[in-house]
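Step one of this worksheet: look at the structure below.
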Amino acid sequence: AGACAARNRGLEVVETPYVMFFDSDDTMISTHAESALQALQADENLDIVGWDINLHMLDGTIASKRFFDNDILFNHIFHASLSTQRYAIKTDLVRRVGQWNETIAGWNDYELGVRIILANPRIKKLTEGVGVDAYSQARSITGTDFSSSPSKWETSLDACEISLHKARLVDAIKWIETRRAILAGMYLKEGDKTNSDRLLKQVLDRTTNWR
């Protein structure tokens, strides 16, 4: 039934106060879960602890992906701070915001992250170093390109906009429009001018101040 259904199944049966989602193609150092748990237990007011990760790309390069505990919504929208491998969270909070959206096939952690942030969680970043290595895979939900499955990414952005509309966060909706423009640029970079033109036109038609 997909990754989101599997994660929600775990949420149905887990009895611990905290949960950390983790994908099968990534690795963590032996003390990583312990460090996350200790940070959460040290301050009962915390809802989330997060950390930087190393992302191993298909071409062999490694990119450092930062976790942000400041300007949280902005940094998540543009840097996906709450991607699957970058945080541990109170179990009740994930349940309270509606769990994983099983109708979203791609960028589902991105969409969940927006809903989590709108619940105003208390967040702290772990600074002890990188404890997680994430590995890009040719055969994965993300895949190797954007233009072959445009609805996967656009459905996520649409769902984020709906949540932001409900919260009446006008500036953040503009940030989502900017993400759509960036996605249109990715389509063009991959040679799909048709989808690029379509998506960019949608953004510009809705935007009075395109800058």
Side-chain angles (χ1 to χ4, degrees), residues 1-12 21-26 55 58 65 72-87 89 93-119 121 134 136-207 210:
C4 289
R7 293 165 184 153
N8 283 338
R9 177 65 179 130
L11 277 172
E12 288 178 15
F21 299 99
F22 208 78
D23 292 343
S24 59
D25 49 5
D26 304 320
L55 178 60
L58 291 173
K65 297 295 183 180
I72 300 166
L73 184 58
F74 176 88
N75 280 311
H76 175 67
I77 288 176
F78 286 105
H79 303 292
S81 285
L82 293 181
S83 62
T84 308
Q85 315 88 341
R86 291 194 226 179
Y87 68 101
I89 186 171
L93 177 55
V94 188
R95 290 170 173 161
R96 181 156 42 93
V97 301
Q99 308 191 122
W100 293 79
N101 187 334
E102 297 179 21
T103 67
I104 296 178
W107 285 353
N108 38 61
D109 51 354
Y110 184 87
E111 186 273 336
L112 174 61
V114 168
R115 285 186 282 121
I116 289 173
I117 292 168
L118 292 179
S136 299
Q137 304 287 336
R139 296 183 63 186
S140 69
I141 293 173
T142 306
T144 59
D145 68 272
F146 295 96
S147 54
S148 61
S149 302
S151 64
K152 286 201 320 190
W153 328 113
E154 294 175 32
T155 298
S156 175
L157 294 177
D158 292 345
C160 291
E161 182 175 345
I162 290 171
S163 296
L164 295 170
H165 264 298
K166 291 178 180 178
R168 299 182 180 179
L169 295 177
V170 177
D171 285 341
I173 294 170
K174 293 177 182 177
W175 301 339
I176 292 293
E177 289 282 49
T178 305
R179 280 304 306 255
R180 288 192 179 100
I182 293 169
L183 181 59
M186 297 304 297
Y187 294 158
L188 187 62
K189 182 179 179 181
E190 294 168 0
D192 188 348
K193 190 174 186 303
T194 299
N195 273 315
S196 177
D197 289 348
R198 170 190 59 79
L199 184 57
L200 188 59
K201 184 177 186 303
Q202 289 177 8
V203 172
L204 295 179
D205 285 348
R206 290 191 295 260
T207 305
W210 61 268

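Because the structure is predicted, anything quoted here is derived from the model rather than measured.
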Exercise. Pro121 and Leu93: which non-hydrogen atoms are nearest, and at how many Å?
Worked result: CB-CD2, 3.9 Å

For this session: Keeping the roles fixed (side chain from Thr84, backbone from Phe22), state whether a donor-acceptor pair exists under 3.5 Å.
Result: no

Exercise. When rounded to the nearest 0.5 angstrom, what distance separates CZ in Arg206 from CD in Glu177?
Worked result: 4.0 Å

Exercise. Is there side-chain contact between Cys160 and Arg179, with at least one heavy-atom pair below 4.5 Å?
Worked result: no

For this session: Salt-bridge test for Asp205 and Lys201: reply yes if a basic N is under 4.0 Å from a carboxylate O, no otherwise.
Result: yes

Exercise. Hey, are Lys189 and Asp145 close enough for a salt bridge, meaning a charged N less than 4.0 Å from a carboxylate O?
Worked result: no

For this session: Could you tell me if the ring centre of Tyr110 sits under 6.0 Å from that of His76?
Result: yes

For this session: Check the pair Thr178 / Phe78 against side chain to side chain contact (heavy atoms under 4.5 Å, CB included), numbers first and verdict last.
Result: CA-CA 9 Å; Thr178 305; Phe78 286 105; 3.9 Å; yes

Seminar exercise, completed: Closest heavy-atom pair, Gly106 versus Ser156, reported as atoms and distance to 0.1 Å, is O-CB, 3.5 Å

Problem set entry | Residue from Ile116, Val114, Asn108 passing side-chain contact (heavy atoms from CB on, under 4.5 Å) with Leu112 | Ile116

For this session: Tell me, yes or no, whether the heavy-atom count around Arg9 atom CZ, taken from other residues, nucleotides or ligands under 6.0 Å, exceeds 12.
Result: no

Problem set entry | Parallel, tilted or perpendicular, as decided by the 30° and 60° cut-offs, for the rings of Trp107 and Trp153 | tilted

Exercise. Would you find a donor on one side and an acceptor on the other, under 3.5 Å apart, between the side chain of Glu102 and the backbone of Gly2?
Worked result: no

Problem set entry | Qualifying side-chain hydrogen bond (donor to acceptor under 3.5 Å, both in side chains) pairs with a residue from residues 165-176, counting only residues at least two apart or across chains | Glu161-His165

Exercise. When rounded to the nearest 0.5 angstrom, what distance separates OG in Ser147 from NZ in Lys193?
Worked result: 14.0 Å

Exercise. What distance do Asp23 atom CG and Asp109 atom CG have between them, rounded to the nearest 0.5 Å?
Worked result: 8.0 Å

Exercise. Roughly how far apart are Ile77 CD1 and Leu164 CG, rounded to 0.5 Å?
Worked result: 5.5 Å

Problem set entry | Distance in Å, Phe74 CZ paired with Ser81 OG, rounded so as to fall on 0.5 Å steps | 10.5 Å

For this session: Say whether, by atom type as modelled, one donor and one acceptor occur between the side chain of Asn8 and the main chain of Trp100 under 3.5 angstrom.
Result: yes

For this session: Measure the CD-CG distance between Glu111 and Asp158 for me, rounded to the nearest 0.5 Å.
Result: 11.0 Å

Problem set entry | Exam field: side chain Gln85 to backbone Ala134, donor-acceptor pair closer than 3.5 Å | no

Problem set entry | Leu199 side chain near Pro150 side chain, heavy-atom distance below 4.5 Å | no

Exercise. Under 3.5 Å, is there a donor-acceptor pair between the Arg115 and Asn101 side chains?
Worked result: no

For this session: Give the minimum heavy-atom separation between Leu58 and Ser136, together with the two atoms involved.
Result: CD2-O, 3.5 Å

